[in-house]
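For reference, positions follow the sequence shown, starting with 1. These numbers were taken from a predicted model, which means no experiment stands behind them.
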Amino acid sequence: MSGKPRLTYLNGRGRMESIRWLLAAAGVEFEEVYLETKEQYDKLIKDGFLLFQQVPLVEIDGMKMVQTRAIMSYIAGKYNLYGKDLKERALIDMYVEGITDLMQMILTFPFSPPDAKEKNLESIKERATNRYFPVFEKVLKQHGQDFLVGNKFSWADVQLIEAILAVEEKVPAVLSGFPQLQVFKTKMSNMPTIKKFLQPGSPRKPPPDAHYVETVLKVFKK
């Protein structure tokens with residue numbers, strides 16, 4: 001082991017992408033192992049690596065961690081991205097949970113049947129513009145700071161910039177009515193660790209394509 005966290009998942013976004021984002025934002029280099037066959041996945045289960053028979057799997061600090069939320073809580077705490085006290089942690093948790101609900105729609109979108117794609121895209125746009133983004137626009141305005149919680153960069157900020165960029169890929173003008181979020185997006189995108197992650201050649205994965213969907217279905221088939 002090189003001492004770097006080791007991430008096991010498919011060569012695509014999925015549930016691992018938010019973990020990649022958080023590690024990258026914290027300035028942490030990591031290694032990746034990509035699952036390409038059902039046999040690889042079954043072997044991980046057989047060898048006892050996957051507590052609940054699910055990936056993402058992150059090996060960090062001598063632990064084999066599963067469950068996305070637990071992994072991200074650990075990383076956020078370890079790298080001081082989880083607020084200064086319990087109240088700030090509670091706010092970060094609330095914001096992260098809300099963003100995760102929106103991201104879940106984006107995660108499942110590539111697996112929509114062709115006849116449902118347009119409807120599902122409309123749902124993402126509607127939820128982002130009417131339910132989720134207005135919350136963060138208001139938080140930033142009332143808070144009057146660059147960041148969502150306290151005046152310090154946190155896990156919540158990382159989740160929000162990831163979500164903004166993911167929604168914009170599908171709905172390019174989604175921020176047109178959200179001036180605070182436009183400023184937030186620019187500031188976050190220019191933070192050195194995030195700017196590096198947004199450059200070509202970084203560990204950030206491209207939007208899911210047909211090959212990725214096919215690989216997911218092949219690896220996880222029952």
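- Within 6.0 Å of CD in Glu29 there are 12 or fewer heavy atoms belonging to other residues, nucleotides or ligands.
- The closest donor-acceptor contact from the side chain of Ser189 to the backbone of Thr186 lies at 3.5 Å or more, if one exists at all.
- Here CG of Leu86 is found 11.0 Å from CG of Leu91. Values are rounded to the nearest 0.5 Å.
- The only option from Val183, Thr129, Val167, Ile164 that meets the side-chain contact (heavy atoms from CB on, under 4.5 Å) definition with Leu175 turns out to be Ile164.
- Considering only heavy atoms from C-beta on, Phe111 comes within 4.5 Å of Val216 through its side chain.
- Interatomic distance, CG of Leu57 versus CG of Leu51, reported as 10.5 Å (0.5 Å rounding).
- Taking NZ of Lys64 as the reference point, atom CG of Leu44 lies at 10.5 Å (rounded to 0.5 Å).
- Ion pair Arg69/Asp93 flagged as a salt bridge, since at least one NZ, NE, NH1 or NH2 atom sits closer than 4.0 Å to an Asp/Glu carboxylate oxygen.
- Looking at Pro134 and Phe178, their side chains come closer than 4.5 Å, going by heavy atoms from C-beta outward.
- A cation-pi arrangement, defined by a distance under 6.0 Å to the six-membered ring centre and an angle within 45 degrees of its axis, is absent between Lys38 and Phe220.
- Annotation for Gln53: atom CD does not count as buried by contact number, only 12 or fewer foreign heavy atoms lying within 6.0 Å.
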query = Is there a side-chain contact (heavy atoms from CB on, under 4.5 Å) between Leu102 and Phe133 once you walk through the steps?
reply = CA-CA 10 Å; Leu102 175 59; Phe133 286 175; 3.8 Å; yes

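- Between Phe197 and Pro203 the shortest side-chain heavy-atom distance falls below 4.5 Å.
- Side-chain contact check for Thr215 and Glu36: no donor-acceptor pair (N or O, by modelled atom type) lies under 3.5 Å.
- Checking side-chain atoms of Gln40 against main-chain N and O of Thr37 turns up a donor-acceptor pair under 3.5 Å.
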task = Could you please spell out the steps behind the salt bridge (Lys or Arg N to Asp or Glu O under 4.0 Å) verdict for Lys119 and Glu122?
result = CA-CA 5 Å; Lys119 179 171 164 284; Glu122 197 51 45; over 6 Å; no

request  = Under the side-chain contact (heavy atoms from CB on, under 4.5 Å) rule, what do Leu165 and Leu198 come out as? Steps first, then yes or no, please.
outcome  = CA-CA 10 Å; Leu165 296 179; Leu198 294 175; 3.8 Å; yes

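- Taking CG from Leu160 and CG from Leu181, the interatomic distance works out to 6.0 Å, rounded to the nearest 0.5 Å.
- Taking all atoms of both residues into account, the shortest heavy-atom contact from Arg13 to Pro208 is CD-CD, 4.4 Å.
- Taking hydrophobic clusters as Ile, Leu, Val, Met, Phe, Trp and Tyr residues chained together by side-chain heavy-atom distances below 4.5 Å, Val33 does not share a cluster with Ile75.
- The closest side-chain heavy-atom distance from Met103 to Gln159 is not below 4.5 Å.
- Neither side chain, Gln67 nor Arg15, offers a donor N or O lying under 3.5 Å from an acceptor on the other.
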request  = Walk me through it: do Lys205 and Asn11 pass the test side-chain contact (heavy atoms from CB on, under 4.5 Å)?
outcome  = CA-CA 8 Å; Lys205 304 303 176 209; Asn11 187 8; 3.6 Å; yes

ask   = Should Lys125 and Glu118 be marked as a salt bridge (Lys or Arg N to Asp or Glu O under 4.0 Å) after you check the CA-CA gap, both sets of side-chain angles, and the distance that decides it?
value = CA-CA 11 Å; Lys125 181 182 175 183; Glu118 200 172 316; over 6 Å; no

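- Of the residues listed (Lys4, Arg20, Arg6), the one engaging Glu32 in a side-chain hydrogen bond (donor to acceptor under 3.5 Å, both in side chains) is Arg20, and it is the only one.
- Minimum interatomic distance between Ile194 and Ala25 (heavy atoms only, all atoms of both residues): CG1-CB, 4.2 Å.
- What you find for Met188 and Phe147 is that their closest heavy atoms are CE-CE2, 3.3 Å.
- At least one side-chain heavy atom of Glu168 sits under 4.5 Å from a side-chain heavy atom of Lys185.
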inquiry  = Would Tyr9 and Tyr34 count as a ring-ring contact (aromatic ring centres under 6.0 Å, His included) here? Give the steps.
reply    = CA-CA 5 Å; Tyr9 199 70; Tyr34 298 129; 9.3 Å; no

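- With rounding to the nearest 0.5 Å, the separation of CD1 in Ile19 from OH in Tyr74 is 14.0 Å.
- In this structure, Glu137 contributes its side chain and Gln180 its backbone to a donor-acceptor pair below 3.5 Å.
- No side-chain heavy atom of Leu107 sits less than 4.5 Å from a side-chain heavy atom of Glu17.
- Judged purely by atom type and a 3.5 angstrom limit, Lys187 has no side-chain atom pairing as donor or acceptor with the backbone of Gln182.
- Remark: Asp61 engages Lys78 in a salt bridge, criterion side-chain N to carboxylate O under 4.0 Å.
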Audit row: Ser18, Glu162, side-chain contact (heavy atoms from CB on, under 4.5 Å) steps and yes/no = CA-CA 7 Å; Ser18 291; Glu162 181 193 2; 2.7 Å; yes

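- A pairwise comparison of heavy atoms in Ile60 and Pro5 identifies CD1-CG, 4.1 Å as the closest pair.
- The distance from atom CG of Leu81 to atom OG of Ser73, rounded to the nearest 0.5 Å, is 12.0 Å.
- The main-chain N or O of Phe49 is never found under 3.5 Å from a side-chain atom of Asp47 such that the two would form a donor-acceptor pair.
- When all heavy atoms of Met16 and Pro56 are compared, the closest pair comes out as CE-CB, 3.6 Å.
- Heavy atoms of other residues, nucleotides or ligands lying less than 6.0 angstrom from NZ of Lys117 number more than 12.
- One N or O on the side chain of Thr100 and one on the backbone of Val96 form a donor-acceptor pair closer than 3.5 Å.
- Nearest heavy atoms, Leu22 versus Ala76: CD2-N, 4.0 Å.
- Contact of the Asp157 side chain with the Tyr95 side chain is not registered, since no non-hydrogen atoms from C-beta on lie closer than 4.5 Å.
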